[in-house]
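For ligands, and for the atoms within them, numbers begin at 1 and follow the listed sequence.
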Amino acid sequence: MGLFQFLSCASLALFASNVGAVSWTADPVNPSSIPLAVRTPYLSAWLPQGAGAALGGTWPQFWTGTTLGWAGYVRVDGITYTFLGAPDVPNLSPALATQKSMTYTATQSTFVMSAGPIDLTVNFLSPVEPNDLVKQSTPFSYMAISAVSNDGNTHAVTLYSDISAEWASGDLSQAVNWTSTTSGDVWTHQVMPEDQQIYGEYDDHTQYGAAYYSTQSSTGATYQTGEDTVVRAQFINNGVLANTEDTNFRAVSDDWPVFAFAHDLGTVGTTATAEVLYTVGHVRDPAIQYIVAGDNFQGRSIYMWTQYSTVADAISDFVGSYSTALSDANTFDAKVKSDATAISDNYYAIVALSVRQAFGATELTTSKASDGSWNTTDILMFLKEISSDGNVNTVDVIMPAWPVLLYTNPTLGKYLLLGLFEYQATGMYPNQWAAHDLGASYPNATGHNDGNDEKMPLEECGNMLIMTLSYTQKANDQSLISSYTQLLEQWTGYLVQEALIPANQISTDDFAGSLANQTNLAIKGTVGIQAMSVIEGMLGNTAQQQNYSSIATSYAPQILQFATANGHLELNYNNATSWGLSYNLYADKLLGTNVFNQSVYEMQTAWYKTVVNQYGVPLDTRHTYTKSDWQMWTAAFMTDDSVRDSFIDSVYAFIGDGENNMPFSDWYDTLTGVSDGFRARPVVGGHLALLAL
Ligand SMILES: *[C@@H]1O[C@H](CO)[C@@H](O)[C@H](O)[C@H]1NC(C)=O
Ligand SMILES: *[C@@H]1O[C@H](CO)[C@@H](O)[C@H](O)[C@H]1NC(C)=O
Ligand SMILES: *[C@@H]1O[C@H](CO)[C@@H](O)[C@H](O)[C@H]1NC(C)=O
Ligand SMILES: *[C@@H]1O[C@H](CO)[C@@H](O)[C@H](O)[C@H]1NC(C)=O
Ligand SMILES: *[C@@H]1O[C@H](CO)[C@@H](O)[C@H](O)[C@H]1NC(C)=O
Ligand SMILES: *[C@@H]1O[C@H](CO)[C@@H](O)[C@H](O)[C@H]1NC(C)=O
Ligand SMILES: *[C@@H]1O[C@H](CO)[C@@H](O)[C@H](O)[C@H]1NC(C)=O
């Protein structure tokens, strides 16, 4: 015990000294990993940080941590500097540009890089367009670069950037082929696996479709494809590319083919140049395999196809609408900033880092009618659980993420739930409780007709009822509750039987193990029953409204009786020393169901105040780890702002502690601030819990 205490004190001091240790200005904070191009489960490029890693000198990574070759050079008066990635060319070693600053907002990450007498501003924009289904579903991201003199003189400046075939396959031995094409003033390199494995994955990368790297020829462009060292040396030595294509198609790592563009910015003075634009994306079609009535599978396409007939059209529009995308992004970012800073600056740092990650796990799809035309009213959103699992539309992952949907556009929540309803309404799912997910492995939303999905019966019945009422209230739309009343009643019946005395089972926190009589599950189930009472009232079924309401209001005090001891709710009934984050109370506030008395919120607030570790309140008494999403849900119903802020400040301390190098991890230790493993999960949408109330 003594040794352990000594170690943890020493480590705490070490971690504290890392905060703010980076040599550049970081606004709002230097996080564990910086989003660069994060739009879909397969377009997800990050700059890992640990204690700090500059844009120049570090390879970007896919969310899993594997390298994504993305290189950038700037040549100033004949001297080349690396501003992006860690390219290595034998006998040529350009200096690294010096990173002056890194700023992130909800949709953008911006770096200022000094290359001798020139400063580059490199802006990575991953649009979040919750009210425009075409734009939200277009799987591309922007990198825009401008240059300005920092010494008062003028300089000759050329720019270079390439991507590797790692954007097209997770399997480095996979043979790929490529083409370079022109459409108006837009130039595009396309690279794809020669063996197109429809719906296949390799280490979480998609194995079909193609990656695209594009730019505008109007900005004095040249291009080249070929071996990394050859193409990069061509630029370092000449400041211009050869306009040639390597047609010796080969594996990703076989003499590493890269796909490059260079631009001549001419003479650059003290007025910043216009931005040179690059776009990177990944398109596959069909995108999702979806189970429909009769146990048939439907191939579904990304919603953008309702607008474009070719990928080239989509890219041209994406490139051409950059200024609109940027102004939309600035408006969205400003709103997020203003709403979140109204709570605190630290809260804003958490929220701004969460938005791209949450949307980056999703894809919006549509289908074709029998005459071959797009059925634009058939809209389903799909979500990959990411990292903990590859499940499709996991209900207890949508649930924690739900606040980001409520905040941005609740109708997206309907598009996420609809596939789960449609599938279970076919009758092919055999269990009486709500399914855990729509399919074991993204992008196969092929259901679980054997009923062997991960069993979280109370969790998922409660979640479906809570999210369905929440959507109905926020969108003022009764389409879900009127179409799927029977399923909702079936799940409510299960809760009526099972919620008061929860059997031994897992909750969404499955990694913590199973347990009988989990107070938090009883709370969720009871709020779920009350939610159905409200739904029945909306549908005019007053007898059922009364019935469910009287059941929920009789369960609540019994649960408190079973579960209260020593001034807190217990983790499991009759276990006075146990406690946990009773985050499911958030649903009672969100829905306005008020099944649980205000005194419970006051009791929990007073209790959590006494058990905060450096990096937050543990998830429960079984471990010292916690979940950032559940901490933010809990913060949202604290009755004392100082306790609310201690939750926020502890998550803020975690993201900036310099100890982690992965996309925002929602699972970490409250004593060390070190991640327990999950990364890049959409559940960080739950960090907007305070904005959704
Ligand atoms: C690249 O491979 C795909 C899939 O095998 C094939 O359809 C396409 O024609 C190939 N393209 C080139 C340029 O060889
Ligand atoms: C999805 O299903 C197809 C068969 O329809 C299979 O080839 C593919 O490997 C599956 N994808 C994943 C990620 O399991
Ligand atoms: C379009 O999709 C909707 C929603 O799934 C469906 O009800 C309708 O039948 C479809 N229309 C056609 C023409 O397929
Ligand atoms: C109330 O609902 C429960 C669960 O669905 C059902 O078993 C019971 O019969 C209902 N009672 C009345 C009076 O409708
Ligand atoms: C669950 O709690 C109830 C109510 O206190 C109790 O009767 C029952 O024995 C408990 N079950 C277990 C497995 O502890
Ligand atoms: C409900 O909470 C209020 C204060 O928040 C308290 O005065 C009252 O006694 C509580 N009622 C019950 C039934 O616990
Ligand atoms: C009571 O809770 C503690 C801490 O969560 C746990 O270790 C213990 O096993 C629990 N005991 C029972 C009987 O559930």
Side-chain angles (χ1 to χ4, degrees), residues 1 4 455-459 461-462 494-527 529-530 549-613 616-627 630-631 634 636-644 667 669-671 676 693:
M1 191 50 150
F4 176 75
K455 191 177 173 188
M456 294 186 188
L458 280 182
E459 176 73 50
C461 287
Y494 186 83
L495 292 178
V496 167
Q497 278 174 29
E498 300 288 333
L500 182 60
I501 308 288
N504 189 356
Q505 64 194 282
I506 50 174
S507 75
T508 181
D509 306 311
D510 52 1
F511 48 86
S514 74
L515 195 60
N517 281 333
Q518 293 188 59
T519 307
N520 207 25
L521 279 179
I523 291 171
K524 175 166 280 174
T526 302
V527 174
I529 296 167
Q530 184 64 23
S549 175
S550 70
I551 293 169
T553 48
S554 81
Y555 283 5
Q558 293 181 73
I559 292 167
L560 297 182
Q561 177 115 41
F562 293 141
T564 312
N566 301 340
H568 57 77
L569 292 176
E570 298 160 341
L571 170 66
N572 55 326
Y573 298 169
N574 313 314
N575 188 347
T577 59
S578 72
W579 53 267
L581 292 175
S582 53
Y583 53 81
N584 286 328
L585 286 169
Y586 175 76
D588 202 21
K589 285 277 182 234
L590 179 68
L591 301 175
T593 34
N594 300 319
V595 190
F596 290 91
N597 193 336
Q598 187 61 19
S599 60
V600 179
Y601 295 88
E602 286 161 9
M603 174 176 74
Q604 293 300 84
T605 302
W607 175 252
Y608 294 135
K609 194 172 187 167
T610 68
V611 289
V612 194
N613 291 330
V617 177
L619 177 64
D620 62 51
T621 37
R622 289 172 290 182
H623 307 91
T624 57
Y625 57 59
T626 194
K627 294 284 277 80
W630 300 139
Q631 288 209 95
T634 307
F637 61 75
M638 292 293 92
T639 59
D640 172 342
D641 282 354
S642 74
V643 183
R644 175 197 76 182
W667 183 30
D669 193 88
T670 59
L671 297 175
D676 275 278
L693 274 189

Run through all N or O atoms in ligand 7 and write down each protein N or O closer than 3.5 Å, as a pair with its distance.
unit_1   : atom_1 : unit_2 : atom_2 : d
ligand 7 : 2 (O)  : Asn575 : OD1    : 3.4
ligand 7 : 2 (O)  : Asn575 : ND2    : 2.4
ligand 7 : 5 (O)  : Thr621 : OG1    : 2.8
ligand 7 : 11 (N) : Asn575 : ND2    : 2.9
ligand 7 : 14 (O) : Asn572 : ND2    : 2.9
ligand 7 : 14 (O) : Asn575 : ND2    : 3.2

Test item: Thr610 side-chain N/O and Trp607 main-chain N/O as donor-acceptor pair under 3.5 Å
yes
Does atom CD (Gln598) have a neighbourhood of more than 12 heavy atoms from anything else shown, all under 6.0 Å?
yes
Element-labelled atoms of ligand 5 that are located less than 4.0 Å from some non-hydrogen atom of Phe562:
4 (C), 5 (O)
When you check the side-chain N and O atoms of Glu570 and Thr519, is any donor under 3.5 Å from an acceptor?
no
Distance-only N or O hit between ligand 6 and Gln598, under 3.5 Å:
no
Does the cation-pi check pass for Lys627 over Tyr583, that is, NZ or CZ under 6.0 Å from the six-membered ring centre and within 45° of its axis?
no
So, do Tyr601 and Phe596 have ring centers that fall under 6.0 Å from each other?
no
Between Leu581 and Val617, is there a side-chain heavy-atom distance shorter than 4.5 Å?
yes
Starting at CE of Met638, measure out to CG of Leu585 and round the result to the nearest 0.5 Å.
8.0 Å
